[in-house]
Amino acid sequence: MPSAPLRVAVVCSSNQNRSMEAHNILSKRGFSVRSFGTGTHVKLPGPAPDKPNVYDFKTTYDQMYNDLLRKDKELYTQNGILHMLDRNKRIKPRPERFQNCKDVFDLILTCEERVYDQVVEDLNSREQETCQPVHVINVDIQDNHEEATLGAFLICELCQCVSEEENQQSWGCLAPSCLLRGWAWLDAPEAPAFLELLAVKSTSRWEFPRFPARFRSCWSNGWVELSPWFAG
């Protein structure tokens, strides 16, 4: 691990299932991690597909748990929602919205493409203050309990890889089971830029761009160069 811990954010839509499962695993592995949602409200499955349970982001996990317990204990026990909320409230008090957080992160991982687009849009709208790059990578994860667990381990593997390679200024390699797509976001007043990152599969491994060092060295000159992107 590098001397300065990797600052990680995991983002899904409601900060309930996918981002919280990853938050749980990453925190147990010693990462500095926070989790968020990007939706306007928190939505949980209801008695029918067109009747979700909708909450404000200010509602605590404990309040949601007690509300669903009162509404239909059997249903929400059977579909795993009560178990999920019980886990969540042991990690932090309530869901958080990414757009309301101004903390600095080294790596932001999103759990679906729509969320990825919302994160990039929000970053692009912010006033540049820190002049620090952040890498935003999407890992598509289906929103169910089983896929959330598998996706969380993939995210953890990716974070371990990035963390171990950070001192060598490269992204290293790992073997995920899904396509990774991301952006490097440069927060520099003289040359703000978004550059797309694509992970490329080579035999049994995915190759990540040897990118952070080039990116950091270019922004101060007011321009960005990204060629070649990929190692190997």
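Since we're looking at a predicted model, the values are computed, not measured.
- Gln99 contributes a side-chain N or O that, together with a main-chain N or O of Thr38, makes up a donor-acceptor pair within less than 3.5 Å.
- One hydrophobic cluster, built from ILVMFWY side chains closer than 4.5 Å, holds both Ile91 and Tyr61.
- We find the CD-NZ distance between Gln63 and Lys89 to be 11.0 Å, quoted to the nearest 0.5 Å.
- Across all non-hydrogen atoms, the minimal contact from Ser35 to Lys92 is O-NZ, 2.8 Å.
- Here Arg29 contributes atom CZ and Phe153 contributes atom CZ; the two are 6.0 Å apart, rounded to the nearest 0.5 Å.
- Within the 4.5 Å cutoff, the side chain of Met64 has no heavy atoms near those of the Asn88 side chain.
- Under a hydrophobic-cluster definition in which Ile, Leu, Val, Met, Phe, Trp and Tyr are linked whenever side-chain heavy atoms come within less than 4.5 Å, directly or via other members, Met20 and Val11 are assigned to different clusters.
- Between Arg87 and Glu21 there is a salt bridge, since a side-chain N of the basic residue sits under 4.0 Å from a carboxylate O of the acidic one.
- You'll find the side chain of Ser13 reaches within 4.5 Å of the side chain of Arg114, heavy atoms only.
- Listed by chain and residue number, Thr60 satisfy the side chain to side chain contact (heavy atoms under 4.5 Å, CB included) test with Arg94 (two or more places apart in sequence, or in another chain).
- Side-chain contact check for Phe105 versus Val136: every heavy-atom pair is 4.5 Å or farther apart.
- In summary, of the residues considered (Val120, Asp117, Asn138), a side-chain contact (heavy atoms from CB on, under 4.5 Å) with Thr110 occurs for Asn138 alone.
- Taking NE2 from His135 and CD1 from Ile108, the interatomic distance works out to 10.5 Å, rounded to the nearest 0.5 Å.
- A cation-pi arrangement is found for Arg126 relative to Phe98, the charged atom lying closer than 6.0 Å to the ring centre and inside a 45° cone about the ring normal.
- Side-chain contact check for Ile137 versus Leu107: some heavy-atom pair is nearer than 4.5 Å.
- Annotation for Cys111 and Ile155: closest pair SG-CD1, 4.5 Å, computed over non-hydrogen atoms.
- Residues Pro47 and Asp72 form no side-chain contact, since every pair of their non-hydrogen atoms from C-beta on lies 4.5 Å or further apart.
- In this structure, Pro95 and Gln16 approach most closely via the heavy-atom pair CG-NE2, 4.4 Å.
- Cys101 has its side chain out of reach of Glu96: every pair of non-hydrogen atoms, C-beta onward, lies at least 4.5 Å apart.
- Here the side chain of Asn17 pairs a donor or acceptor atom with the backbone of Asn144 at under 3.5 angstrom.
- Under the 4.5 Å side-chain heavy-atom criterion for Ile, Leu, Val, Met, Phe, Trp and Tyr, Leu69 and Leu85 are members of the same hydrophobic cluster.
- Atom CG in Leu123 sits 10.5 Å away from atom CD in Glu121 (nearest 0.5 Å).
- Considering only heavy atoms from C-beta on, Gln118 stays 4.5 Å or farther from Asp122 through its side chain.
- Annotation for Ser14 and Phe57: closest pair O-CE2, 4.3 Å, computed over non-hydrogen atoms.
- By the side chain to side chain contact (heavy atoms under 4.5 Å, CB included) test, Lys58 pairs with Asp56, sequence neighbours left out.
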With salt bridge (Lys or Arg N to Asp or Glu O under 4.0 Å) as the criterion, how do Asp67 and Arg70 come out once you've worked through the C-alpha distance, each side chain's angles and the decisive distance to 0.1 Å? CA-CA 5 Å; Asp67 181 52; Arg70 176 184 55 81; 2.5 Å; yes
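- Within 6.0 Å of NZ in Lys51 there are 12 or fewer heavy atoms belonging to other residues, nucleotides or ligands.
- The side-chain heavy atoms of Leu26 and Cys156, taken from C-beta on, include a pair separated by under 4.5 Å.
- Atoms NE2 and CE, on His145 and Met84 in that order, are 6.0 Å from each other to the nearest 0.5 Å.
- The same ILVMFWY cluster, assembled from side-chain heavy atoms under 4.5 Å apart, contains both Ile81 and Val42.
- Minimum interatomic distance between Ala22 and Val10 (heavy atoms only, all atoms of both residues): CB-CG1, 3.8 Å.
- For Ile141 against Arg18, the heavy-atom pair with the smallest separation is O-NH1, 3.0 Å.
- Remark: Asn53 engages Leu44, Tyr55, Leu68, Lys71, Tyr76 in a side chain to side chain contact (heavy atoms under 4.5 Å, CB included) (not counting sequence neighbours).
- Rounding to the nearest 0.5 Å places CG of Asp62 at 9.0 Å from CG of Asp86.
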